[in-house]
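See below for the structure under consideration.
Being a predicted model, the structure only gives us computed values, none of them experimental.
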Amino acid sequence: MNTKTQIRNDWTRAEIQEIYHQPLLELVYRAATIHREFHHPGEVQVCTLLSVKTGGCPEDCSYCGQAARYHTGIKVKALMSKTDVVAIAQRAKDAGSSRFCMAAAWREVRDNRDFENILEMVKGVNDIGLEVCCTLGMLSESQAERLQEAGLYAYNHNLDTSEEHYQEIISTRTFNDRLSTLNHVRKAGLSVCSGGIIGLGETHADRINMLHTLSTLPRHPESVPVNALARVKGTPLADLPKVDSWEMTRMIATARILMPKSMVRLSAGRAEMSTEEQSWCFMAGANSIFTSESEELLVTPNPRLDDDRKMFEVLGLKPMEKKVPKD
Ligand code: SAM
Ligand code: DTB
Ligand code: SF4
């Protein structure tokens with residue numbers, strides 16, 4: 001008998017703990033099975049990421065190379081022009097991307113000229129037929145609405161870590177601030193992109209708790225980025241050990257089982273992973289990646305477009321054209 005996997009928003013921590021701690025091969029097998037029930041396993045969404053405003057951020061996120069207070073040596077750049085952004089988006093589309101994410105090193109969106117410019121960029125990128133995403137920090141309800149009206153498709157705002165571990169990593173805002181922005185994004189009818197980072201010195205219980213928060217939201221985020229800490233010299237977390245790729249596999253597989261319909265994105269960390277290591281993540285249910293024409297994610301390295309093309313060829317993957325659910 002074929003029973004259909006149900007989408008659940010009532011997961012308990014104990015259930016998630018049991019899933020997460022399964023023997024890895026069992027876990028991957030289960031995740032891969034669920035992945036096939038809800039998605040086309042040969043398709044991976046390619047989302048191009050562009051830093052439209054880099055560095056000089058007032059926040060103290062201890063993983064981030066763009067926080068002004070750490071001496072990371074990155075070049076601070078003012079907001080890019082709409083013309084440049086749209087030209088990059090067009091090239092991204094020509095290279096096979098179906099989604100384009102604009103990131104700004106801001107604590108929050110302010111109702112000023114920069115925001116008006118962002119709204120123009122959103123219109124421009126939407127006009128060339130890409131799914132437009134932004135990640136600009138905290139948002140009010142009316143700002144979320146204005147972005148939606150300008151043609152924004154999705155908003156990225158990560159929980160980053162568990163509620164319990166949050167204050168160890170960031171002191172300039174709270175976990176609840178993150179949840180209320182997500183709430184504003186939802187209310188405005190935008191697609192939600194929210195996930196986190198592993199390798200911040202958190203425990204397995206913290207990872208489980210973060211996944212619990214995400215998978216018990218009233219609606220699962222449509223997209224869930226799983227980042228491995230990209231260690232940036234000068235930040236407080238620069239000397240933490242590199243994340244083991246099996247940990248990424250485990251995290252991705254658990255996210256896939258808990259949120260079967262969501263796109264699970266293998267995000268930061270790919271530059272330090274081989275094709276073999278990344279293929280385990282795809283097997284475990286990852287079906288989206290970030291690319292960038294600058295070979296940098298935001299301020300840390302990301303694989304070259306050519307290397308990704310080769311990887312897709314070897315694994316028999318193709319870029320997803322438009323997100324079409326299996327049923
Ligand atoms: N400033 C906005 C914010 O923090 O919401 C938007 C941009 S910020 C770079 C987006 C997300 O990137 C962060 O929430 C975090 O999850 C991720 N990120 C930033 N630096 C990272 C790093 N060094 N390694 C892994 N992920 C990172
Ligand atoms: C997300 O979850 N990962 C992306 C995107 N959302 C904005 C950012 C990763 C940043 C990695 C470190 C850097 O290059 O600054
Ligand atoms: Fe600023 Fe975002 Fe970096 Fe935090 S993660 S320091 S808010 S750019």
| message | Tell me the closest heavy-atom pair linking L152 and V132, and the distance in Å. | response |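 Minimum heavy-atom contact is CD1-O, 3.5 Å.
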| field | Residue among R250, H204, E15 satisfying side-chain hydrogen bond (donor to acceptor under 3.5 Å, both in side chains) with Y20 | value |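 For Y20, the side-chain hydrogen bond (donor to acceptor under 3.5 Å, both in side chains) check succeeds only for H204.
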[X] vs [Y] side-chain heavy atoms within contact, under 4.5 Å:
| X | Y | value |
| --- | --- | --- |
| H157 | M138 | yes |
| Y63 | L240 | no |
| M259 | P221 | yes |
| N227 | R265 | no |

| field | Y153 six-ring face occupied by R99 cation (under 6.0 Å, within 45°) | value |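 That pair does not qualify as a cation-pi contact.
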| What about V46 and V224, same hydrophobic cluster or not, with Ile/Leu/Val/Met/Phe/Trp/Tyr joined at side-chain heavy-atom distances under 4.5 Å? |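 Yes, same cluster.
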| said: If only side-chain N and O atoms count, and only distance matters, is there a donor-acceptor pair under 3.5 Å linking T161 with E202? | reply: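 No donor-acceptor contact under 3.5 Å links the two side chains.
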State plainly whether the residues [X] and [Y] are in salt-bridge range, i.e. N to O under 4.0 Å.
| X | Y | answer |
| --- | --- | --- |
| K318 | E321 | no |
| K82 | E116 | no |
| E247 | R207 | yes |
| E149 | R146 | no |

| said: Consider side chain to side chain contact (heavy atoms under 4.5 Å, CB included). Of D307, L315, V314, which one does M311 pass it with? | reply: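 That would be L315.
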